[in-house]
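Chain letters run A, B, ... following the sequence lines, proteins first and then strands; every chain starts at 1.
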Amino acid sequence: MAIEKLKRAWFLVERGELDSLIQALADSKTTHVVDLKEEPQAAGQEEASPAGQLFLSPNQSSGSAAAAEKVNKLSRVLDVLDAFAPPKRRFHENFVNLPAEMRPEEFERAVAEVRVDPLYERVTAINREHAAVTKKADELRSRIDQLDPWAEAMAPPTGLQRCGADLGTVPARLLPKLQHTVGESETIAVHVGLTVKSATLVAAVWLRGADGDGDASATELLEEHDFESLGLEPGAGKIADVVKNLRAELAVAEAQGDELTQQAASVAETRRAVLAARAYWQAEVEQGAASGKTLASNRIAILSGYVRVRELKKLEDLLSRDFPSVSLVTRDPQPGEDVPVSLGGARIFAPAQFLTSMFGLPSYFEFDPSPYIFFTFLIFFGFCFGDVVYGLMLFGLGWWLARKSRDYPSLARFFGLLMWGGVASIVVGLITQSWAADLFATDPVSGEAKYLGGGPLASAFIRMQQKLTLVNPLKKTVLVLGVALVLGMFNQFYGMMLLMYREWRKGHYFAAVCDGGLWLVFLPGLLLLLGSAAASLDPVWAQVALGMVAVSGVGLVLTQGRREKTFLGKAITGVVSLYGILGTYGTTSFIGDILSYSRLLALGLTTYIIGFSINIIAELLTGIPWVGWGLCVLAVIGGHCGNFLISILGGFVHSARLIFVEFFTKFYEGSAKPFAPLGAPQTVRVIDDR
Amino acid sequence: MEELWKVYFLQTGMGWTIIGGIAAVMLGGIGSAKGIRIAATQGAGVMSEKPELFGKLLVLMALPGTQGFYGLIVAVMMCLQTGIMAGEVTVTPLVGMALMFVGVCTGMVLWLSAVNQGRTSAASINLTAKKPEESGRAIILPALVETYAVVALLAAILLILWVTNKEATFAEPVLKMITETTPPAG
C-alpha cells in the first residue's frame, strides 16, 4: 500500500500536432496535465524545466468555449428532464451515483444524433411554458379559495353613477367598530353577510360626491377596518358563477400542465443519449483546457504533466508509434512541486483508502496512512456495530455491492470496507454475546433459550455462545468503557509513533524525538504517576513515573517552542505546550482525545439496546390472536433491518471521526490533489469489449 | 403520589438520579440534534451544487452528534453507580440530588457546545466547499469546540464516581452540618 510513483513529463511537440497529441493522451488516460502558465518559474528551476529555458508565449485554447456552452446547455436539459421525469434507479444506485454505462456504438450514435441547440430550445420552452401554466393554476386555485366561501353573494351591480360599491371581508372582531363608524357617517353604508373562519362578508356602498372625493374617504375608512376587497368586476353576477368559470380555467391550465409534462417525459426517453453527448462535449472541454495549459510558439508547443511509472512504457510506445516527432522528457518529482497523488498497492488495504480519500490525499512526499488505519477502523466499527447477525448481513451486503461496483474503484473500496466491517462486527458480537441483540440469548432464571429454542440443537448453540462470550457490555458497562478508553489511549500513542515515523522518513531526527518521542515518555509517565497514586502501587513505580514526567517534561519545555523567534516566545510555547494549546500535543488534548473514545461504548450499547427492545416488542405481539406470530416475525425482521441500517450509519461515521479527528491530527495532513488523467471517465462509462 | 414522592425522593435518591440522567441525555440529545441540523442544512446546500463532496461533508455534519452520546454515557454511569441498573438502589436522597445537579449542568454544557459546534461545522463545510483539499483541516475547527463537552463529560464521570463512592462520606458532613445548624423545633 503506497503512493504510486509518478514521473514528471514534458512533451515537446510541433504546434500543428498538439491537438492530435492531446486527443491521443486523452484516449490513453495516462497523463495528468498541469498548467504550465500557473507554475512559478522559481530561480534555479530553469535548468530542470525545459519550459523555463524556452521563453514561450502562452497558447490560447481553441474551441473549448463553444464546447463548454454545449455542456452547460445539456446539463440544463438534464436538470429539467430529471425534474419532470426522475430517472429510474437500480437498488444499489439509491446509495451511490454511478456513471451511465454504454457500448461504443450507442455512445457514438448518441453523440451524432443529439442536436444540442434545438434540444435545449425545446426543453427550455417546455420548462418555461410549464412554469407559466403552473403559476396561472396556482393563482386560479388561490382565487377560488378566496371566493368559494362567499359563493351565494353577488358582485356589485353595474351602472352606478353617483355611488361606489364594493364587496369584501373584514375580520369579525373589527365588525362592531366598522358598524359604529359607518353609523356615524352619512355617506357610507354597509350590509353584513356571512362569517366564515373569523372573516365577515361586507357589502359597502358610498356616495361619490361631486368631485369624486367620496371614493377616497370610503376606501380610507374601510382600510382602517382591515377591509379586503374580493376584487370582483361590477356586474360579474353571482360569485358561484365566477367560481365556476375559474374552475373551468383551472381545468384547462392543469390539462396544459399535464400535456407539457408528457412532452418532457417523451424527451426524457432520450436521457442516455443526452448523457452521452454531455460526456463527449465535456471531454472536448477538457482537451481544450489541456491545450490552454501548454506553452507554445508558432512552431513548437510544450505540454507537461505527470505519468504513473507503471504506465510510462505504454506512453512511450504510444509516442514512438503515433508521434515519432514528439520528444518526451521525464524526471522524478521534486520537493516543492504540487504533485498529484494516486494511491495504489496491496489490495487487502485498499478499502481503507476510501477513508484516506474522504479526509484528503497525502502529499506525494509523505506516506499513505491507509494500512495504518485499516485495523483500528475495523476495531472501532466492530465496537459500535458488534453483533453476529448484523455482521453477517453486513458482510453479505458489502460483498455483493463490492462485486457490483468492482469497475468503480472508489465505490468498491467503500463496500469492501463495509464487508470487512461486517467481519469485525461478527467477532465483537461473538465475544459480547450479541446475536440480533438477545434474540438467541438464554433466560437467566431457567437457563433455557429466551426467545428461540428448546431441544438439543438449541442447547448446543447456547453452549457455543457461552463459551465464546468474554463480556456482556450491559452487565460490565464500566469495564467495557475502560476497554474503550484504553483502546483510545493506545491509538493516541500509535498516532504519536506515526508522527515520529513521518519525521524520521524525512530525515528530521531531532523533530521525531522532540515532537513524538518525548510525548511518548511524558504521557505514559503521567498516567503511571496518577495510577500509582490511585491504586497505591509500589513506590518504585511512582519514582519511575516521576522521573519519566520530569525528564520528558523538561525536554518538551525546552524544545516545543523551538520554532519561535524570540526567547520569550520559545519559553511561553514550551511551557504552555504541556497544557496543550501550543506545540504538537498536550495533556488536555490527550485527555480529551481519550474520552472521545467513550462513544464506542455508547454506540455499541445503542445498537444492542434498540435490538433488545425490538425483541421485547415482537414477543409481546405473539399474544395477539390469529395474527400474533405473523406480526412478531414482521416486527423482528423489520425492526432489526431498521436497526441494522441506522447503526451502520452511526458506526461508520463515528469510527471515521475517531480516525480523522483524534488520530490523523497527530501526524497527517491530507491536502494533495488527486491524480486525474486526461480523458478519464466521469459521467459516462463506455464499455468496449473489443 | 405522596407514596411515590416518599419512595423515590425521600427514602432513596432514585428519583433525583433519574432526573439527572434524563436531563443529561435530553439536553445532550437536543443539542446534538440542533447542531446536526445547523451543519446538515449547510451541507445540503453545498451538496445541491457539489454532490461529490458528500463523503467529505458527512463527518463534518455528524460531529455535533457526539454530545448526545456523552449524555448517554453520563446517564448510564449514574444508573450503574447508584444500583438502578442492577435493581438494587443504594443511593441516598442527598447523593441523588447531587447527581441531579451533575446531570443538569453537564446536559447544559453538552447542549450549548453541540449547537456551537454545529455552527462551526457549518463554517467548515463552507471552507470544504470552496477548497475540498482542505477538508482535513476543516474538521479540526469544530473539534476544538467539542473540547468543552469532553471536559464536562470528564467532570461528570469523576463527580459521579466520587459522589457515589460508598467508602467516602460525601453526605455525612453535610447532614451533620444541617442537623447542627437547624434549631430544635419549638
Side-chain angles (χ1 to χ4, degrees), chain A residues 96-97 338 341 354-362 384 410 414 473-478 480-481 484-485 580-581 588-589 591-606 609 649-650 652-662 664-665 668-674 682, chain B residues 25 28 36 47-48 51-81 85-86 117 128 131-158 160-161:
Chain A
V96 286
N97 279 326
D338 189 10
V341 168
F354 179 81
L355 292 171
T356 305
S357 304
M358 255 178 95
F359 185 82
L361 292 169
C384 300
S410 119
F414 172 59
L474 268 187
K475 289 178 184 161
K476 303 272 184 188
T477 311
V478 175
V480 179
L481 177 64
L485 298 181
I581 298 170
T588 52
S589 310
I591 294 169
D593 287 344
I594 290 178
L595 280 176
S596 189
Y597 289 80
S598 64
R599 78 187 63 232
L600 295 177
L601 167 73
L603 279 158
L605 280 183
T606 308
I609 289 170
L649 190 65
F652 182 85
V653 170
H654 286 278
S655 304
R657 175 237 145 89
L658 287 176
I659 298 284
F660 293 171
V661 180
E662 275 76 22
F664 270 174
T665 47
Y668 182 67
E669 285 179 20
S671 56
K673 59 187 175 190
Q682 291 187 357
Chain B
V25 174
I36 290 177
M47 281 188 290
S48 68
E52 71 278 7
L53 289 180
F54 175 72
K56 289 186 186 296
L57 300 186
L58 184 63
V59 172
L60 278 170
M61 290 188 281
L63 277 180
T66 302
Q67 284 80 349
F69 294 118
Y70 289 171
L72 177 65
I73 295 281
V74 170
V76 168
M77 286 292 293
M78 283 183 182
C79 294
L80 263 177
Q81 290 295 109
M85 203 175 263
Q117 192 174 25
T128 307
K131 293 189 170 185
E133 68 277 10
E134 294 295 327
S135 61
R137 289 195 182 96
I139 285 178
I140 296 168
L141 305 179
L144 292 176
V145 180
E146 200 181 294
T147 307
Y148 302 97
V150 173
V151 171
L153 173 67
L154 179 63
I157 290 175
L158 291 176
I160 292 166
L161 291 176

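For the pair A/Val661 and B/Glu146, the minimum side-chain heavy-atom distance is 4.5 Å or more. Between B/Val59 and A/Phe359, the closest side-chain pair of non-hydrogen atoms is not below 4.5 Å. Side chains of B/Leu58 and A/Val653 form a contact here, defined as non-hydrogen atoms less than 4.5 Å apart.
Taking B/Leu144, B/Ile157, B/Leu154 one by one and counting their heavy-atom pairs under 4.5 Å with chain A, the maximum is reached by B/Leu154. Per-residue heavy-atom pair counts under 4.5 Å with chain A were compared for B/Ser135, B/Ala143, B/Pro132, B/Gly68, and the maximum is reached by B/Ser135. With chain B as partner, the option from A/Ser589, A/Gly360, A/Ser598, A/Ala656 having the largest number of non-hydrogen pairs under 4.5 angstrom is A/Ser598. Heavy-atom pairs under 4.5 Å with chain B were tallied for A/Val478, A/Leu603, A/Leu481; the largest tally goes to A/Leu603.
In this structure, A/Met358 CE and B/Leu53 CG are separated by 11.5 Å, a value rounded to the nearest 0.5 Å. For the atom pair B/Leu80 CG and A/Leu474 CG, the distance stands at 9.5 Å (nearest 0.5 Å). Put simply, CD1 on B/Ile73 and CG on A/Leu600 are 9.0 Å apart, with the number rounded to the nearest 0.5 Å. Rounded to the nearest 0.5 angstrom, B/Leu153 CG and A/Arg599 CZ are separated by 10.0 Å.
Heavy-atom distances place no part of B/Met61 under 4.5 Å from chain A, backbone and side chain included. Within the 4.5 angstrom heavy-atom criterion, only side-chain atoms of B/Tyr70, from C-beta onward, approach chain A. Both the backbone and the side chain of B/Leu63 come within less than 4.5 Å of a heavy atom in chain A. For chain A, the nearby parts of B/Thr66 are the backbone and the side chain; heavy atoms of each come within less than 4.5 Å.
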